[in-house]
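Structure first, then comments.
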Amino acid sequence: MTDRADAGLLQVENAGRDFDVSRPWLNRLLEGEPRRSLRAVDGVSFSIRKGETLGLVGESGCGKSTIARMIVGLHPPTRGRIVFDGADLGDPSSSRLRRRMQMIFQDPYASLNPRWRVSAIVAEPIVALGLVSDRAMLAARVAELLAQVGLAPEDGDRYPHEFSGGQRQRVSIARALSSNPEFLVCDEPTSALDVSVQAQILNLMKDLQIRLGLTYLFISHNLAVVAHIATRVGVMYLGRLVEINDAKQLFECPRHPYTRMLIDAIPDLLMSGKARIPVAGEVPNPLAPPPGCAFHPRCPHAGARCRSEQPAWLVSATGDAVACHAVAEGRL
């Protein structure tokens, strides 16, 4: 399935990623075990238009971070392809495009080198890509980047352990912006932060997007955060996309049963009294996924077809898409 953004900045086309999780060779030889493969991502397709934010949500282990790492080149796709600005990123000649994208990692404590001063951390992509050769110009650029994310230029002389979690994530954002990227992959950049600090970082990211014309892939398991920042939202379950829609439409009228369960899990601060279905059951073992629709063991609307046949994508005229037999049959 490819959604309505046919000419987006980024296209992920039927991408999949398998990991070999076999036991050591000698154990398999002695015990007669075959190789085992984990299908972390399977047949995922979406596109992101320039200047928008696509939120990717789902429970832990659904493959969100694997997709992020595939896009930035940390994991090559096992199947399918990833196209950035018309060029296949699997082609060796497209390596020059990598400097146009950067990644903000989840943990600001682990993603910064504790032995480096902040100025060296922020300057590293600039030096590695050869963007500035003059030392004075490099120092000025680092000071500009720190100020851009709400830090003082003097903070460049400090080490990461001297900052709070929110300040460290600001350093991570400054480092990501140092190579003048167009596209940022944000892998749960606020999940390790306090709620008040989360709001500050989200507002900073929205402001930077407007000022610098950035495009985001924003990955999170927190739908309340995604509702605040995303233009469109894709919902993943056990390695596959199950629904993709404009953010406002998805939160007002979710179509897939899994999306509805995730939204029902958001605290109802307005005390509306609306009936809510809590998220029930456990995510199946990805090494042995259930046949048919992977969500059917937890779905209150599952039928016989759901247990035997994988649902196809149902794309509407407005471009939203859902993979659900109950929706296709008019039962939901």
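The basis for the numbers below is simple: all heavy atoms, side chains too, and nothing from hydrogens, waters or symmetry mates. Just so you know, residue 1 is the first one in the sequence shown, and it goes up from there.
Looking only at side-chain heavy atoms (C-beta outward), Val185 and Phe218 stay at 4.5 Å or farther from each other. Using a 4.5 Å cut-off on side-chain heavy atoms (C-beta onward), Phe163 and Leu112 make no contact. Two residues are said to be in side-chain contact when any heavy atoms from C-beta on lie closer than 4.5 Å; Leu184 and Met103 fail this criterion. Side-chain contact check for Glu243 versus Asp320: every heavy-atom pair is 4.5 Å or farther apart.
Donor-acceptor pairing under 3.5 Å is recorded for the side chains of Gln209 and Thr53. There is a side-chain donor-acceptor pair under 3.5 Å between Asp20 and Ser22. Gln106 and Ser191 share a side-chain donor-acceptor pair at under 3.5 Å.
At a threshold of 4.0 Å, the pair Arg232-Glu52 counts as salt-bridged, since one of the basic side-chain nitrogens sits closer than that to a carboxylate oxygen. Contact check on Asp264 versus Arg260 returns no salt bridge, with no Lys/Arg side-chain nitrogen under 4.0 Å from an Asp/Glu carboxylate oxygen.
Taking the six-membered ring where the residue is Trp, Phe19 and His75 present perpendicular rings, their angle passing 60° and hence far from 30°. Between His256 and Phe295, the angle of the ring planes lies from 30° to 60°, which puts this pair in the tilted group.
In this structure, Ala123 and Val142 approach most closely via the heavy-atom pair CB-CG2, 3.7 Å. When all heavy atoms are compared, the tightest approach of Val225 to Thr190 is CG1-OG1, 4.0 Å. For the pair His325 and Gln310, the tightest heavy-atom approach, listed with the atom from each and the gap, is NE2-C, 3.8 Å. Heavy-atom minimum distance, Leu129 versus Ser179: CD1-CB, 3.5 Å. Of all the heavy atoms in Ala176 and Ile104, the pair that sits closest is CB-CG1, 3.9 Å. Of all non-hydrogen atoms in Pro290 and Leu238, the two that sit nearest each other are CD-CD2, 4.3 Å.
Tyr159 and Trp116 are assigned to two separate hydrophobic clusters, defined by single-linkage of ILVMFWY side chains at heavy-atom distances under 4.5 Å.
The only member of Ser111, Ser65, Ser172, Pro189 that meets side-chain contact (heavy atoms from CB on, under 4.5 Å) when paired with Phe105 is Ser111. Across Asn113, Ile121, Val171, a single residue satisfies side-chain contact (heavy atoms from CB on, under 4.5 Å) together with Pro160, and that is Ile121.
Checking side-chain atoms of Arg331 against main-chain N and O of His301 turns up a donor-acceptor pair under 3.5 Å. Put simply, the side chain of Asp42 never gets that close to the backbone of Arg39: no donor and acceptor are under 3.5 Å apart. Counting only distance, with no hydrogens or angles, the side chain of Arg117 and the backbone of Asp157 share a donor-acceptor pair below 3.5 Å. Panel note: side chain Gln102, backbone Arg99; no donor-acceptor pair is recorded below 3.5 Å.
Counting heavy atoms of neighbouring residues, nucleotides and ligands inside a 6.0 Å radius, atom CZ of Arg28 exceeds 12 of them. By the 6.0 Å contact criterion, CZ on Arg211 is enclosed, its count of non-hydrogen atoms from other residues, nucleotides or ligands being greater than 12.
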TODO: Report the C-alpha distance between Arg79 and Asp18 in whole Å, list the side-chain angles of each, state the deciding distance to 0.1 Å, and finish with yes or no for salt bridge (charged side-chain N to carboxylate O under 4.0 Å, His left out).
DONE: CA-CA 9 Å; Arg79 297 170 298 283; Asp18 299 341; 2.8 Å; yes
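In this structure, the ring of Tyr109 has its center no less than 6.0 angstrom from the ring center of His161.
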